Amino acid sequence: MSKYRTIVIGTGPAGLTAAIYLARANLNPLVIEGLQPGGQLTTTTEVENFPGFPQGIMGPELMDNMRKQAERFGAEFKNGWVEEVDFSKPPFKVKVGGIGELEAESIIISTGASARYLGIPGEQENVGRGVSTCATCDGFFFRGKKIIVVGGGDSAMEEASFLTRFATDVTLVHRRDELRASKIMQDRARSNEKVKWALNRTPLEVVPEALGVKGLKVRNNETGQEELLEADGVFVAIGHTPNTGFLGNQIALDDHGYIVVKPGTTETNIPGVFACGDVQDTKYRQAITAAGSGCMAAMDCEKFLEGSIVHDWSETLDK
């Protein structure tokens with residue numbers, strides 16, 4: 001069984017930053033990349049709000065650069081999907097599909113949160129080409145254009161209001177007559193003259209055109225008629241799902257499945273297990289905040305390893 005001082009589960013800005021800091025501390029971390037190495041940024045096009053790139057940088061390129069930086073300092077990468085973990089006592093056990101069982105003295109979880117999609121034709125094919133799940137990330141690219149936001153909760157109201165800074169108008173589409181959003185968020189959206197409403201309409205298809213999207217085909221639930229709502233961009237705002245299913249209820253989670261950390265730290269309820277990035281962030285969910293929390297997790301982990309009475313790894317460490 002392979003044994004490590006620390007294993008980072010998941011990549012993206014959080015996991016890769018943690019790997020960089022751990023490797024520079026000579027802790028030789030193992031990084032399990034998962035099914036989407038690099039995380040959600042690998043599905044984006046140009047990233048313009050990550051500091052240090054005045055002309056912007058492509059999401060996949062940014063993640064590749066961060067990975068190479070971690071490798072340069074000694075981080076090891078393996079591609080596989082974590083199937084289950086055993087955090088009952090150290091050393092912690094991690095079962096990885098295609099690799100087998102690994103042991104580690106400490107764990108950093110950076111598995112992120114996946115945006116929920118509508119699951120309609122034309123949606124996935126046009127992510128990054130007119131379809132988005134992040135107004136903060138992509139709103140700037142739709143300056144002076146028409147935008148559709150799909151959703152009925154607080155996130156949808158917030159995204160719609162934010163996008164009015166750039167768009168000529170924002171049409172909010174929801175499949176019911178009533179919204180799930182809080183009254184204050186509804187009032188804020190309704191008071192914005194740029195926000196239009198298409199309630200009681202079910203999204204059917206994102207309609208593409210040569211250089212992006214033409215709009216969203218919907219069904220009017222009252223009349224049964226189909227119609228095309230024309231727009232240059234479709235923002236899906238129906239929430240996120242944290243990638244914590246593999247943890248098997250061994251880590252404290254909130255009501256929505258996000259990992260709970262001690263305020264001001266990345267410490268979970270299990271000493272030696274840390275969490276960073278979107279898997280524990282219900283508010284910001286930005287690449288730069290994820291990277292910052294990855295730095296925090298690495299420093300918390302390093303301090304834990306220095307201060308704990310640990311297993312003697314001198315004869316068993318692979319790295």
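Computed from heavy atoms alone, side chains included, the values below leave out hydrogens, waters and symmetry copies. Since we're looking at a predicted model, the values are computed, not measured. Numbers here simply count residues along the sequence, with the first being 1.
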Quick one: are [X] and [Y] in side-chain contact, heavy atoms under 4.5 Å?
X: Thr136; Y: Tyr284; value: no
X: Ile120; Y: Leu216; value: yes
X: Lys194; Y: Leu163; value: no
X: Gln286; Y: Asn49; value: yes
X: Phe246; Y: Ile109; value: yes
X: Asp177; Y: Glu222; value: yes
X: Val218; Y: Asn220; value: no
X: Val170; Y: Phe162; value: no

Mark yes or no for whether [X], through its side chain, and [Y], through its backbone, hold a donor-acceptor pair below 3.5 Å.
X: Asn126; Y: Gly122; value: yes
X: Ser161; Y: Glu158; value: no
X: Lys145; Y: Asp232; value: no
X: Ser110; Y: Gly277; value: no
X: Glu83; Y: Lys95; value: no
X: Asp278; Y: Ala113; value: no
X: Thr244; Y: Gly257; value: yes
X: Glu123; Y: Tyr117; value: no
X: Thr171; Y: Lys196; value: no
X: Arg201; Y: Leu199; value: yes

Grab the two heavy atoms, one from [X] and one from [Y], that are nearest each other, plus how far apart they are.
X: Thr266; Y: Ala297; result: OG1-CA, 3.2 Å
X: Phe304; Y: Pro271; result: CE1-C, 3.9 Å
X: Thr17; Y: Gly294; result: CG2-C, 4.2 Å
X: Cys276; Y: Ser293; result: CB-O, 3.3 Å
X: Pro91; Y: Glu103; result: CG-OE1, 3.5 Å
X: Gln280; Y: Val261; result: OE1-CG2, 3.5 Å

Hydrophobic clusters here meaning ILVMFWY residues chained together by side-chain heavy-atom distances under 4.5 Å, can you tell me if [X] and [Y] are in one?
X: Val82; Y: Tyr4; result: yes
X: Val31; Y: Leu305; result: yes
X: Val213; Y: Leu204; result: no
X: Ile148; Y: Val195; result: no
X: Leu118; Y: Leu229; result: yes

What is the distance from atom [atom1] of [X] to atom [atom2] of [Y], rounded to the nearest 0.5 Å?
X: Ile270; Y: Lys89; atom1: CD1; atom2: NZ; value: 14.0 Å
X: Asp154; Y: Ile184; atom1: CG; atom2: CD1; value: 9.5 Å
X: Ile107; Y: Phe274; atom1: CD1; atom2: CZ; value: 10.5 Å
X: Asn221; Y: Arg175; atom1: CG; atom2: CZ; value: 9.5 Å
X: Lys303; Y: Ser106; atom1: NZ; atom2: OG; value: 15.0 Å
X: Glu267; Y: Cys301; atom1: CD; atom2: SG; value: 11.0 Å

Would you call [X] and [Y] a salt bridge, taking side-chain N to carboxylate O under 4.0 Å as the test?
X: Glu105; Y: Arg5; answer: yes
X: Lys214; Y: Glu209; answer: no
X: Arg219; Y: Glu226; answer: no

Stepwise side-chain contact (heavy atoms from CB on, under 4.5 Å) check, Leu27 with Phe73:
CA-CA 10 Å; Leu27 291 173; Phe73 293 115; over 6 Å; no
Begin from the C-alpha positions of Ile108 and Leu22 and carry the test side-chain contact (heavy atoms from CB on, under 4.5 Å) through to its verdict.
CA-CA 11 Å; Ile108 292 178; Leu22 291 168; 3.7 Å; yes
Applying the side-chain contact (heavy atoms from CB on, under 4.5 Å) test to Ile259, which of Thr268, Asp281, Asn269 qualifies?
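Going through Thr268, Asp281, Asn269 one by one, the side-chain contact (heavy atoms from CB on, under 4.5 Å) with Ile259 is satisfied by Thr268 alone.
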Pair Leu172, Met157 - check side-chain contact (heavy atoms from CB on, under 4.5 Å), show working.
CA-CA 8 Å; Leu172 203 146; Met157 302 303 113; 3.4 Å; yes
Flag if over 12 foreign heavy atoms under 6.0 Å of CZ, Arg72
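Check fails, neighbour count at 12 or below.
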Quick check on Tyr21: does its OH atom have over 12 non-hydrogen neighbours (other residues, nucleotides or ligands) under 6.0 Å away?
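Not buried by this count: 12 neighbours or fewer within 6.0 Å.
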Worked check of side-chain contact (heavy atoms from CB on, under 4.5 Å) between Trp197 and Leu179
CA-CA 11 Å; Trp197 302 86; Leu179 300 169; 3.6 Å; yes
Is the centre of the Phe87 ring less than 6.0 Å from the centre of the Phe92 ring?
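Ring centroids of Phe87 and Phe92 are less than 6.0 Å from each other.
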